[in-house]
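All values derive from a computational prediction rather than experimental measurement. Along the sequence shown, the residues carry numbers beginning at 1.
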Amino acid sequence: MKTRFFLILLVPFIAMCSKKNETSDRFTGADNEVRLMTLNPGHFHAGLVQMHTYPQVDTTVHVYAPEGPELNSYLAMIEQFNSRESDPTHWNTRVYTGNDYLSRMLSEKPGNVMVVAGNNVRKMDYISQAVEHGLNVYADKPMVIKPDQFPDLKRTLERADDQGLVVNDIMTERHEITSILQKELSRIPRLFGELTEGTPEEPAIIKESVHFFYKTVAGEPLIRPAWFFDVNKQGEAIVDVSTHLVDLILWQAFPETAIDYRSPEPGVEVLQAKAWDTELTRSQFELITGDETFPESVMEEVKDDSVLNVRANGEFLFSVGGVNAKVSARWGFTNPKGGDTHYSIMRGTRADLIVRQDAEQNFVATLYAEPREETGRAEFENRLNEALEQLGPRFPGLTAEENGGAWKINIPEEFTETHEEHFTRVTERFLEALVKGQLPEWERTNLLTKYYLLTRAYDLSRD
């Protein structure tokens, strides 16, 4: 009888232990407890995750990838970080090369977090298999590039939740100071009023981003792999760059609010979408990639044997809870006047908050506040200064100056970071989520809703 009683008690204990073994490591924030494995680093964003070191992250990083220029470029970037004069890193990279890099990583599993950035055609498969093997995932965007991958993402995130794993994409633009202040000022009713609902013709929120294939990163010309121009591998702009834009809209307009695309409240709908091509000559393609010929996989998009059509532009309208929003992502060859450009507006009942990044701003993101109601100049300026003073404890030194009917927000240089430095901020937040064992509920929910919007827009752009 005693033996039977012992076994009755033991069975649930064994089941509990078995369940625990299926879950991820339990992170405490201790030094070196996070062990990174970088899988097939085909994009320079994989390297930027390691721009700085973190006490929580072991400096030995295991890399699994096929041999080639993409791996070499990643390793060169890490070496650049290790050898710089100011604040050098101390990464110790252990590399396995071979076509079985994925299965080798999953069988050896020397780490507990997989970092993935690069060719997107297999990314969803990488993420899914990593989760099935009990790994947390830190992924560059986009996680999916085709609508038929969306159900896989949904299942994988549910599986991650069951195992207590953290899976997230790298949303750097939330850490851009003008985006932060645009969000914060929109939450001050005396200045901004309330967010309007807008219309499809004049959306309440617009995010427009223009990128260029040929540019420099960290002072060096960026060499892109030839597959970057195959939209079946990289993804079209409507599901790639737009990931950031949709993320910003949900984050700014509905802060810390879980928006489930499946729920009738608040209601999520893509209204219209379109996509179109950018033309690249053979000489432009060679300058960007170093390759003299177009890859076989894109030859159907080449005309006259000399011009490649890349479906690199897309825009769409969507609504959340009746609020109309628009995103637009475009790519050109290069910008002879400077770098990438950006435009963002949030329309309030009392004021518009506008971010401009163009030649007039020397291609530096600049925030403006512009009155909408019949408010005198002095009254609006007082309200704006009151709002900036209200933000003072977190953002000291903010000032405003009138600029052609709008007011330019002067932001102290200490709050301005480069795109590369934003990767450090996102990584710090990811490490915090590992300790908590999960993303905030709103972020987990909105991650899936974001990709629903992107893949639905992709579908509509075909109609």
Side-chain angles (χ1 to χ4, degrees), residues 171 173-211 237-238 241-255 257 270-274 313-330 340-375 380-381 383-384 387-388 391 398 400-411 450 453 457:
M171 292 289 99
E173 296 309 304
R174 293 186 201 170
H175 297 271
E176 208 289 314
I177 187 59
T178 57
S179 294
I180 294 171
L181 292 176
Q182 187 181 38
K183 174 186 177 182
E184 294 301 323
L185 289 172
S186 74
R187 302 178 76 177
I188 301 178
R190 180 164 164 75
L191 172 70
F192 183 71
E194 297 180 353
L195 183 68
T196 68
E197 289 191 348
T199 65
E201 295 72 32
E202 188 180 81
I205 313 172
I206 299 174
K207 304 282 185 187
E208 296 178 347
S209 183
V210 182
H211 292 256
I238 206 164
V241 176
S242 296
T243 311
H244 282 302
L245 307 181
V246 173
D247 182 81
L248 281 176
I249 289 172
L250 298 179
W251 175 73
Q252 288 182 321
F254 308 94
T257 301
V270 179
L271 305 173
Q272 54 185 268
K274 65 177 181 179
N313 310 286
E315 68 177 37
F316 62 96
L317 289 163
F318 68 97
S319 66
V320 178
V323 175
N324 290 277
K326 175 185 175 182
V327 301
S328 174
R330 303 191 300 276
D340 295 343
T341 68
H342 180 69
Y343 172 80
S344 168
I345 185 170
M346 296 182 72
R347 303 185 198 275
T349 53
R350 289 185 169 179
D352 291 341
L353 298 171
I354 308 166
V355 177
R356 292 188 175 94
Q357 178 183 320
D358 213 325
E360 184 179 344
Q361 293 78 33
N362 294 318
F363 301 100
V364 175
T366 306
L367 176 61
Y368 300 87
E370 184 175 322
R372 280 176 66 89
E373 62 173 16
E374 294 298 325
T375 303
F380 182 78
E381 190 167 34
R383 291 181 185 182
L384 178 56
L388 297 179
L391 297 179
L398 297 174
E401 61 179 282
E402 191 172 4
N403 184 287
W407 274 257
K408 175 187 172 185
I409 312 301
N410 298 313
I411 303 170
K450 173 173 62 182
L453 288 166

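Here the CG atom belonging to D358 is positioned 11.0 Å from the CG atom belonging to D340, to the nearest 0.5 angstrom. The distance from the CG atom of L250 to the CZ atom of R174 is 9.0 Å, given to the nearest 0.5 Å. Here the CD-CG distance, from E176 to L367, works out to 9.5 Å after rounding to the nearest 0.5 Å. For the atom pair CG (L185) and CD1 (I409), the distance works out to 6.0 Å, reported to the nearest 0.5 Å. With values rounded to the nearest 0.5 angstrom, I205 atom CD1 is found 10.5 Å from I345 atom CD1. For the atom pair CZ of R350 and OG1 of T196, the computed distance is 14.5 Å after rounding to the nearest 0.5 Å.
In this structure, F318 and V323 have side chains that are not in contact, with every pair of non-hydrogen atoms separated by 4.5 Å or more. In this structure, L398 and L391 have side chains that are in contact, with non-hydrogen atoms separated by less than 4.5 Å. Using a 4.5 Å heavy-atom threshold, the side chains of Y343 and V355 count as separate. Inter-residue side-chain proximity for F316 and L271 is flagged as unmet; no heavy-atom pair is nearer than 4.5 Å.
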Could you walk me through whether S344 and Q182 satisfy the side-chain hydrogen bond (donor to acceptor under 3.5 Å, both in side chains) test, starting with their C-alpha distance in whole Å, then the side-chain angles of each, then the deciding distance to 0.1 Å, before giving a yes or no? CA-CA 9 Å; S344 168; Q182 187 181 38; 3.1 Å; yes
I would like to know whether L353 and L181 meet side chain to side chain contact (heavy atoms under 4.5 Å, CB included); could you show each step before the answer? CA-CA 9 Å; L353 298 171; L181 292 176; over 6 Å; no
Step by step, would you call V270 with L317 a side chain to side chain contact (heavy atoms under 4.5 Å, CB included)? CA-CA 6 Å; V270 179; L317 289 163; over 6 Å; no
T243/M171 under side chain to side chain contact (heavy atoms under 4.5 Å, CB included): CA gap, chis, key distance, verdict: CA-CA 8 Å; T243 311; M171 292 289 99; 3.8 Å; yes
Please report the C-alpha distance between S209 and L245 in whole Å, then the side-chain angles of each, then the deciding distance to 0.1 Å, and finally whether the side chain to side chain contact (heavy atoms under 4.5 Å, CB included) criterion is met. CA-CA 8 Å; S209 183; L245 307 181; 4.1 Å; yes
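In terms of heavy-atom proximity, G314 sits nearest to A237 at N-CB, 4.1 Å. Shortest non-hydrogen contact noted between W407 and P371 is CZ3-CD, 3.9 Å. Here the shortest heavy-atom pairing between K207 and L248 reads CE-CB, 4.0 Å. Residues R190 and R383 approach most closely at O-CD, 3.4 Å, considering heavy atoms. The shortest non-hydrogen separation linking R372 to T349 is CB-O, 4.3 Å. Between P203 and K326 the shortest heavy-atom distance is CG-CB, 3.9 Å.
Residues satisfying the salt bridge (Lys or Arg N to Asp or Glu O under 4.0 Å) criterion with K450, sequence neighbours excluded, are D169, D247. Remark: A406 engages Y368, E370 in a side chain to side chain contact (heavy atoms under 4.5 Å, CB included) (not counting sequence neighbours).
Other residues, nucleotides and ligands contribute at most 12 non-hydrogen atoms within 6.0 Å of the CD atom of E194.
Q252 and S186 are not linked by any side-chain donor-acceptor pair at a separation below 3.5 angstrom, with hydrogens and angles left out of the test. The closest side-chain donor-acceptor pair between N410 and E401 falls under 3.5 angstrom.
Of the possible polar contacts, none joining the N324 side chain to the A204 backbone as a donor-acceptor pair under 3.5 Å is found. Within the 3.5 Å criterion, the main-chain N or O of T199 finds no donor-acceptor partner in the side chain of E202. With hydrogens and angles disregarded, no donor-acceptor distance shorter than 3.5 Å links the side chain of R356 to the backbone of A365. A donor-acceptor pair under 3.5 Å is formed between the side chain of T257 and the backbone N or O of P255. A distance-only check finds a donor-acceptor pair linking the side chain of H342 to the backbone of E208 [under 3.5 Å]. A donor-acceptor contact shorter than 3.5 Å is absent between the side chain of Q361 and the backbone of F363.
Residues in residues 189-211 take part in these ring pair (Phe, Tyr, Trp, His ring centres under 6.0 Å) pairs, two or more places apart or across chains: H211-W331.
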